[in-house]
Amino acid sequence: MALYESTPGATYKGIAADLGVSRGSLRAWVLRARALRGEEPASSDTGRARQPAEAGDEAAERIRQLEERVRELEASEKKLTTERDILRKAAKYFAGQTHW
């Protein structure tokens, strides 16, 4: 639950898969924790109809968030690839140094 709430752009499905729990269980935990804190659920409706401009603004914001998340993931992938390559070179080096 804390991982979901502290990860920008996280989805129930993605976090649940990472943790090995069902999406429904994670969602229930998050909603229960929010209720205990007296917070409104993030997906609650305010009871008024959305104006088309608001829907467009929300869509644009969602696209901006997704583009930002893609940039973060690409940077993370590059870092992991570099670390993997360094570890491969180190493994080759140390394997060559072993004379049993």
Heavy atoms from other residues, nucleotides or ligands near CD of Glu77 exceed 12 (cutoff 6.0 Å):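 No, because the 6.0 Å sphere around CD of Glu77 holds 12 heavy atoms or fewer from other groups.
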Listed once per pair and sorted, the ring-ring contact (aromatic ring centres under 6.0 Å, His included) pairs that draw on residues 1-23, sequence neighbours left out: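 Every ring-ring contact (aromatic ring centres under 6.0 Å, His included) pair that includes a residue of residues 1-23, provided the two are not neighbours, is Tyr4-Tyr12.
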Chi angles and distances behind the side chain to side chain contact (heavy atoms under 4.5 Å, CB included) call for Thr81, Arg84: CA-CA 5 Å; Thr81 300; Arg84 182 199 63 208; 3.6 Å; yes
Rounded distance [0.5 Å steps], CZ in Arg37 versus CD in Glu5: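 It is 4.5 Å, given to the nearest 0.5 Å.
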Leu31 side, atom CG; Leu36 side, atom CG - distance, nearest 0.5 Å: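 It is 11.0 Å, given to the nearest 0.5 Å.
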Presence of salt bridge, Glu68 and Arg71, under 4.0 angstrom: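 Answer for the salt bridge query: no.
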Cationic N near anionic O, under 4.0 Å, Arg69 to Glu72: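 Salt bridge present between Arg69 and Glu72.
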ILVMFWY cluster, Val21 and Ile15 together (side-chain gap under 4.5 Å):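 The answer is yes; both residues are in one hydrophobic cluster.
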ILVMFWY cluster, Leu3 and Val30 together (side-chain gap under 4.5 Å):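 Same cluster: Leu3 reaches Val30 through Ile, Leu, Val, Met, Phe, Trp or Tyr contacts under 4.5 Å.
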Stepwise side chain to side chain contact (heavy atoms under 4.5 Å, CB included) check, Gln65 with Arg62: CA-CA 5 Å; Gln65 290 173 348; Arg62 180 71 177 147; 4.0 Å; yes
